[in-house]
Asks: 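Shown below is the structure under consideration.
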Amino acid sequence: MSFTLLSSPLQGFTDFRFRNAQQKYFGGIDTFYAPYIRLNGKFKIKSSYERDLLPENNTTLTVIPQVITNDAEEFLFVAKYVQSLGYKELNWNLGCPYPMVTKSGMGSGLICNPTRIDEILHRAHNETDILVSMKMRMGYENTEEILHTFPILDKYPLKNVAIHARIGKQLYKGGVDLDAFQKCIDVAKHQLYYNGDITTVAGFKAMKERFPSITHFMIGRGLIADPFLPQMIKDNTTEYPKDRWNIFREFHDEIYQQYDAALSGPTPIKMKMLGFWEYFSQSFSDPRKTYKKIKKATNPKKYQAAVKEILSGER
């Protein structure tokens, strides 16, 4: 059975610069979800969100915008905005686990409130013609929370419901709850997508065998840790290209140069790349040592020298 691979958005990482470079050097992702738009009660689209979604910045990609909100007016505002850019679908984030989001009753902190979910979906389907899809966790406190939302979700013609098989309270700690995900399959009427801990080809195969009815799989942190992974899954191989580290170097240099041009000064680019290397290092032979070398590089010159030394060691 054929399958589709989607990039799960990570705030601060999977913007258009990363997406374009991943597609150019590695491929394998069929659809990218853009990091969420958050309005915070101000009906104005930040320039960073706008740049991320501009069609000219996504010419070779299939991209779906995402919104995070617990307010119907905000949802409608973002829906109309993304439609003005030519997008036909808006993904609603009920998955974000971070306390600064969930304490505001958004992301996975909203799953326990089916009445509010109903109100927003009702207005979205009655006041716009945008196609709505969902990105959810199992709940915030427990995996029963999502089950209480399904009677509400079933009332609407949602494109799909993508589920990260953890609860919000876990953040990214502990394992995914595959039994709880199976319960969702058993009761959901909408098409479900699977998300969570796909970090290796073997791990993907195990999920595909465990859930034969699922045809769409989302890769989040695993995509940043190993940008080769989606295409390796597609090719059904665990063998990296012979010029693996040369390809990675070209990819790295492209995103570095783009972020360096977009950010002002050595500290922001250092922090941006340090965030990436927290994930990148996981695919290197000694993750801790690799990350430590990057962390110790106190200026751009030392950073470039550290990258060169790390990649020479791997070669």
Side-chain angles (χ1 to χ4, degrees), residues 6-14 33-43 45-46 48-49 64-79 82 90-125 132-156 158-181 183-184 187-188 190 192-197 218 220-221:
L6 310 103
S7 156
S8 180
L10 261 77
Q11 219 65 12
F13 292 97
T14 57
Y33 285 82
Y36 60 68
I37 293 172
R38 183 176 178 180
L39 294 182
N40 290 326
K42 296 173 185 168
F43 289 86
I45 302 290
K46 284 186 197 170
S48 58
Y49 296 148
I64 296 169
Q66 188 181 75
V67 63
I68 194 164
T69 186
N70 58 8
D71 179 85
E73 292 297 336
E74 287 190 354
F75 191 103
L76 295 171
F77 181 84
V78 173
V82 301
L90 180 60
N91 185 262
W92 186 16
N93 182 316
L94 270 70
C96 182
Y98 292 112
M100 62 181 185
V101 168
T102 56
K103 281 176 183 170
S104 306
M106 290 190 285
S108 58
L110 184 57
I111 300 172
C112 63
N113 191 344
T115 306
R116 178 64 63 85
I117 295 169
D118 192 15
E119 177 204 331
I120 294 170
L121 287 176
H122 177 79
R123 291 195 60 192
H125 286 91
V132 179
S133 57
M134 311 287 287
K135 171 90 167 66
M136 304 179 74
R137 287 219 173 190
M138 298 289 187
Y140 184 78
E141 292 286 345
N142 62 71
T143 59
E144 297 297 306
E145 287 177 29
I146 195 170
L147 299 178
H148 299 309
T149 70
F150 283 134
I152 301 297
L153 303 185
D154 289 346
K155 291 162 60 177
Y156 301 100
L158 303 171
K159 182 189 169 193
N160 65 272
V161 181
I163 300 174
H164 183 127
R166 282 185 173 86
I167 55 171
K169 205 162 63 169
Q170 279 183 268
L171 296 177
Y172 291 98
K173 296 170 189 149
V176 285
D177 190 336
L178 301 183
D179 292 338
F181 184 74
K183 279 189 193 173
C184 294
V187 300
H190 288 103
L192 299 187
Y193 293 4
Y194 175 82
N195 181 212
D197 286 10
M218 299 185 94
R221 295 166 300 150

Asks: Can you see which heavy atom on Ala165 is nearest to which on Phe181, and at what distance?
Replies: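 Minimum heavy-atom separation between Ala165 and Phe181: CB-CB, 4.3 Å.
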Asks: State, yes or no, whether a side-chain contact exists between Lys159 and Ile64 at a heavy-atom distance under 4.5 Å.
Replies: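 Yes, side chains in contact.
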Asks: In chain order, what residues pass the ring pair (Phe, Tyr, Trp, His ring centres under 6.0 Å) check against Tyr33, with sequence neighbours excluded?
Replies: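 Tyr33 satisfies ring pair (Phe, Tyr, Trp, His ring centres under 6.0 Å) with no residue once adjacent residues are dropped.
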Asks: With His125, which residues qualify under side-chain contact (heavy atoms from CB on, under 4.5 Å), at least two apart?
Replies: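 Partners of His125 by the side-chain contact (heavy atoms from CB on, under 4.5 Å) criterion, ordered by chain and then number, come out as Leu121, Val132, Tyr156, Pro157, Leu158.
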Asks: Can you name the ring pair (Phe, Tyr, Trp, His ring centres under 6.0 Å) partners of Tyr36, sequence neighbours left out?
Replies: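 Per chain and number, Tyr36 pairs via ring pair (Phe, Tyr, Trp, His ring centres under 6.0 Å) with no residue.
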Asks: Does any non-hydrogen side-chain atom of Met134 lie less than 4.5 Å from one of His190?
Replies: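 A side-chain contact is absent here, since even the closest heavy-atom pair is not under 4.5 Å.
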Asks: Who are the salt bridge (Lys or Arg N to Asp or Glu O under 4.0 Å) partners of Arg38, not counting sequence neighbours?
Replies: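 Testing Arg38 for salt bridge (Lys or Arg N to Asp or Glu O under 4.0 Å), a comparison that skips the adjacent residues, returns none.
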Asks: Any chance you could lay out the side chain to side chain contact (heavy atoms under 4.5 Å, CB included) test for Lys135 and Leu6, step after step, and finish with the verdict?
Replies: CA-CA 12 Å; Lys135 171 90 167 66; Leu6 310 103; over 6 Å; no
Asks: Which atom pair, heavy atoms only, marks the closest approach of Thr149 to Ile111?
Replies: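 For Thr149 versus Ile111, the nearest heavy atoms are CG2-O, 3.4 Å.
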Asks: Identify the heavy atoms of Gly41 and Glu74 that sit nearest to each other, and give their distance.
Replies: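 Minimum heavy-atom contact is N-OE2, 2.7 Å.
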Asks: If the condition is salt bridge (Lys or Arg N to Asp or Glu O under 4.0 Å), which residues does Arg116 pass it with, not counting sequence neighbours?
Replies: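 Listed in chain order: Glu119.
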Asks: Which heavy atom of Pro65 sits nearest to which heavy atom of Ala34, and what is that distance?
Replies: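 Closest heavy-atom pair between Pro65 and Ala34: CA-CB, 4.2 Å.
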Asks: I'd like to check the ring pair (Phe, Tyr, Trp, His ring centres under 6.0 Å) partners of Phe77; sequence neighbours left out, ordered by chain and number.
Replies: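 Scan of Phe77 (ring pair (Phe, Tyr, Trp, His ring centres under 6.0 Å), adjacent residues dropped) gives Phe43.
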Asks: Measuring only between side-chain heavy atoms, which start at C-beta, is Leu39 closer than 4.5 Å to Ile45?
Replies: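 Sidechains of Ile45 and Leu39: in contact.
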Asks: Out of curiosity, Leu110 CG to Cys96 SG, how far, rounded to the nearest 0.5 Å?
Replies: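 Reported value, rounded in 0.5 Å steps: 12.0 Å.
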Asks: Donor-acceptor pairs under 3.5 Å, side chain of residues 97-106 to any protein atom, not counting sequence neighbours: which ones?
Replies:
unit_1, atom_1, unit_2, atom_2, d
Thr102, OG1, Tyr98, O, 3.3
Thr102, OG1, Pro99, O, 3.4
Ser104, OG, Met100, O, 3.3

Asks: Which residues pass the ring pair (Phe, Tyr, Trp, His ring centres under 6.0 Å) test with Tyr172, sequence neighbours left out?
Replies: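 Only His164 meet the ring pair (Phe, Tyr, Trp, His ring centres under 6.0 Å) criterion with Tyr172.
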Asks: Would a 4.5 Å heavy-atom cut-off, applied to side chains only, mark Thr69 and Val78 as touching?
Replies: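 Thr69 does not reach Val78 side chain to side chain.
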Asks: What pairs with Arg137 under salt bridge (Lys or Arg N to Asp or Glu O under 4.0 Å), at least two apart in sequence or on another chain?
Replies: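 Counting only residues at least two positions away or on another chain, Arg137 forms no salt bridge (Lys or Arg N to Asp or Glu O under 4.0 Å).
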Asks: Rounded to the nearest 0.5 Å, how far apart are CG of Leu90 and OG of Ser133?
Replies: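 So the gap between those two atoms works out to 7.5 Å.
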Asks: Sequence neighbours left out, what passes side-chain contact (heavy atoms from CB on, under 4.5 Å) with Gln170? Give chain and number order.
Replies: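 Here the qualifying residues are Arg166, Ile167.
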Asks: Output all residues satisfying salt bridge (Lys or Arg N to Asp or Glu O under 4.0 Å) with Asp118, sequence neighbours left out; order by chain, then residue number.
Replies: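 Asp118 satisfies salt bridge (Lys or Arg N to Asp or Glu O under 4.0 Å) with Lys155 only.
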Asks: How long is the gap from CG on Asp71 to CG on Asn40, to the nearest 0.5 Å?
Replies: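 Result: 11.0 Å between the selected atoms.
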Asks: Here's a test for you: under side chain to side chain contact (heavy atoms under 4.5 Å, CB included), which of Glu144, Glu141, Glu145 qualifies with Cys112?
Replies: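 One option only clears the test, and that one is Glu145.
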Asks: Which residues pass the side-chain contact (heavy atoms from CB on, under 4.5 Å) test with Cys184, not counting sequence neighbours?
Replies: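 In terms of side-chain contact (heavy atoms from CB on, under 4.5 Å), with neighbours along the sequence ignored, Cys184 is linked to Met138, Ile146, Leu147, Phe150, Ile163, Leu192.
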Asks: Given side chains that start at C-beta, do those of Met136 and Leu153 come closer than 4.5 Å, heavy atoms only?
Replies: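 Answer yes - side chains close enough.
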Asks: Got a second to check how far Asn91's CG is from Ile37's CD1, nearest 0.5 Å?
Replies: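 Reported to 0.5 Å precision, the distance equals 11.5 Å.
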Asks: Kindly indicate whether the side chain of Asn195, heavy atoms from C-beta on, has any atom under 4.5 Å from the side chain of Tyr193.
Replies: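 With C-beta onward as the side chain, the pair stays apart.
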